[in-house]
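Working notes, structure below.
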Amino acid sequence: MGSVLSYSGLSTKIRAMQSRLVTDEQLEEIVQLPNVPQVTAYLKRTPEYQNIWSGLDENDLHRGQIEKLLNKSIFLNFSRLYHFANQEQRTFLSLYSKRYEIRVLKEIMTNLFDHRDTDPVDISPYRDFFKHHSKLDIDRLAACTNMDEFIAALKGNDFFIPLSQVNERGNATLFDFGMALDLSYFSQIWNVRKKLFKGNDLKQITKAYGEKFDMLNLQFIQRSKRCFQMEPAAIYALLVPMNYKLRKEEITTLVEAPTPEEFRRIFNGTYYGKKYEQLTVASLEEFYNYILRSILEQEARKDPYSVAVIYSYLYHKEHEVNRLTIALECVRYGVDPEQSLRYIRNG
């Protein structure tokens with residue numbers, strides 16, 4: 001992987017798809033619209049949505065349906081890339097796609113904990129994706145009525161063991177199960193990256209995921225101490241068990257820092273505190289997306305014929321859907337456009 005020859009076709013495809021994403025200027029126009037049907041009508045005129053939404057009547061769609069259509073566009077675009085990719089590129093895409101499996105599993109688990117059935121309509125945007133890119137039986141999982149059934153339906157899948165281990169401890173919360181899925185996925189990526197990638201691709205994957213995991217750990221530590229006053233032992237259990245630029249001893253001192261002032265002092269001495277001068281402890285969460293987006297954009301520009309260009313596009317597509325979902329909510333509740341844009345920028 002990583003050669004101009006193997007990436008030239010896919011990079012051209014991605015550049016075309018990237019050019020169709022909704023721009024900041026279009027988001028500014030969207031948040032000034034008077035209602036949700038007007039937002040739908042606007043999106044139907046954009047390059048990204050005009051073809052797949054052309055047959056829809058905006059007056060017949062409610063907000064929940066629009067959000068499902070937006071999420072479906074992520075899976076459709078992923079499938080387009082997969083169809084166009086060579087075997088090596090598909091290896092990365094298959095690994096990446098597990099995040100989509102986790103998204104749907106969390107949605108079904110949320111319904112189980114809320115004692116609600118999972119409506120087949122709710123999983124319809126994912127059905128084609130699961131049919132072609134996953135071994136999970138989404139309809140069987142959606143039909144489960146409790147966590148025991150749900151976990152049993154995952155037998156033979158990578159997620160079966162981590163969820164079983166949480167379940168065996170008893171009194172597990174939805175958060176516990178969700179964290180188990182995330183940590184299992186993160187560990188798998190980190191552990192197999194050297195087998196799947198080499199050269200520049202390996203360097204880029206390590207940097208992109210390494211900084212992501214470090215930033216997630218910083219967020220977990222800060223939020224656990226500030227919002228929940230958790231004991232160190234409980235915080236350690238939440239952390240991603242991989243280190244990149246954040247050293248183990250720094251994690252230990254941050255977790256066990258006795259005061260917010262000591263936490264800030266230690267943080268300022270870390271790689272991230274030094275590299276990103278505008279980054280503060282208070283801004284960790286909103287800065288996380290900015291850092292990840294910046295890393296991916298820089299790596300994709302530096303080497304447009306590498307795995308970075310795939311990861312960068314998929315991230316931006318998911319970010320677009322997240323921002324449009326926030327915009328829809330703001331329009332629905334009549335939030336001031338300037339305030340809406342602040343929510344979107346922090347989303």
Side-chain angles (χ1 to χ4, degrees), residues 1-22 48 71 73-103 129 133-134 158 181-217 219 240 242 244-245 272 287-323 347:
M1 291 177 73
S3 69
V4 173
L5 181 62
S6 66
Y7 271 95
S8 58
L10 187 61
S11 293
T12 300
K13 178 73 171 177
I14 288 175
R15 282 197 296 273
M17 294 171 70
Q18 186 97 31
S19 70
R20 294 197 294 267
L21 295 179
V22 173
E48 179 71 353
N71 283 318
S73 72
I74 295 174
F75 298 109
L76 286 173
N77 287 13
F78 176 93
S79 294
R80 290 190 184 108
L81 289 183
Y82 192 90
H83 178 74
F84 210 77
N86 63 30
Q87 192 56 50
E88 289 179 291
Q89 293 153 357
R90 287 182 176 185
T91 299
F92 169 73
L93 287 168
S94 295
L95 181 62
Y96 188 92
S97 71
K98 288 187 177 294
R99 65 187 278 118
Y100 300 146
E101 292 182 332
I102 289 174
R103 174 186 296 188
F129 167 82
H133 303 290
S134 173
D158 293 339
L181 289 176
D182 289 335
L183 292 178
S184 172
Y185 173 55
F186 295 156
S187 296
Q188 183 179 8
I189 289 173
W190 200 247
N191 292 335
V192 304
R193 74 190 194 286
K194 292 183 179 178
K195 298 177 183 177
L196 299 181
F197 306 102
K198 59 185 177 182
N200 196 42
D201 276 353
L202 175 59
K203 179 181 177 182
Q204 290 178 339
I205 285 293
T206 300
K207 177 173 178 153
Y209 279 106
E211 293 211 6
K212 173 188 176 77
F213 297 156
D214 281 349
M215 289 297 297
L216 282 173
N217 279 340
Q219 286 186 65
V240 181
M242 282 76 74
Y244 181 56
K245 296 294 186 179
Y272 298 96
F287 208 70
Y288 166 75
N289 283 328
Y290 167 77
I291 290 177
L292 183 57
R293 186 166 63 250
S294 298
I295 292 169
L296 293 173
E297 288 175 351
Q298 290 167 10
E299 295 302 314
R301 282 196 302 268
K302 187 189 304 179
D303 190 351
Y305 302 104
S306 70
V307 71
V309 75
I310 307 176
Y311 191 177
S312 180
Y313 171 75
L314 291 171
Y315 173 84
H316 280 86
K317 175 58 187 174
E318 293 166 24
H319 192 57
E320 172 195 80
V321 168
N322 185 52
R323 297 203 299 172

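Atoms considered below: every heavy atom in the structure, side chains included; atoms not considered: hydrogens, waters and symmetry mates.
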Quick check against the 3.5 Å criterion: does Asn322 have a side-chain atom that pairs as donor or acceptor with the backbone of Glu318? no
So do the side chains of Lys317 and Gln18 get within less than 4.5 Å of each other, counting heavy atoms only? no
Considering all heavy atoms of both residues, which atom of Leu95 and which atom of Val192 are nearest to each other, and what is their separation? CD2-CG2, 4.1 Å
Is the ring pair Tyr209/Tyr311 parallel, tilted or perpendicular, if the boundaries are 30 and 60 degrees? parallel
Kindly indicate whether the side chain of His133, heavy atoms from C-beta on, has any atom under 4.5 Å from the side chain of Ser79. yes
Taking Thr91's backbone N and O only, do any of them form a donor-acceptor pair with Ser94's side chain (distance below 3.5 Å, no angle check)? no
Hey, could you give me the CE/CG distance between Met242 and Leu216, rounded to the nearest 0.5 Å? 9.5 Å
From Ile205 atom CD1 to Lys194 atom NZ, the distance as rounded to the nearest 0.5 Å: 14.0 Å
Quick check on Lys203: does its NZ atom have over 12 non-hydrogen neighbours (other residues, nucleotides or ligands) under 6.0 Å away? no
Value for NE2 (His319) from OG (Ser312), rounded to nearest 0.5 Å, stands at 11.5 Å
Heavy-atom pair with the smallest gap, counting every atom of Ile74 and Val321: CG1-CG2, 3.6 Å
Hydrogens and angles aside, do Tyr313 and Asn77 bring a side-chain donor and acceptor to less than 3.5 Å of each other? yes
From Leu93 atom CG to Leu10 atom CG, the distance as rounded to the nearest 0.5 Å: 7.5 Å
How are the rings of Phe78 and Tyr82 set relative to one another: parallel (under 30°), tilted (30 to 60°) or perpendicular (over 60°)? parallel
Between the main-chain N or O of Trp190 and the side-chain N or O of Arg193, is there a donor-acceptor pair closer than 3.5 Å? yes
Between Lys13 and Phe84, is NZ or CZ placed under 6.0 angstrom from the six-membered ring centre and within 45° of the ring axis? yes
Shortest non-hydrogen contact from Lys245 toward Asp214: N-OD2, 2.7 Å
Using modelled atom types and a 3.5 Å cut-off, is there a donor and acceptor pairing between side-chain atoms of Ser11 and backbone atoms of Pro304? yes
Taken to the nearest 0.5 Å, the spacing of His316 NE2 from Arg323 CZ works out to 8.5 Å
Aromatic rings Phe75 and Phe129: how do their planes relate, parallel, tilted or perpendicular, breaks at 30° and 60°? tilted
Look up atom NZ in Lys98 and atom CG in Leu181, then write down how far apart they are to the nearest 0.5 Å. 11.0 Å
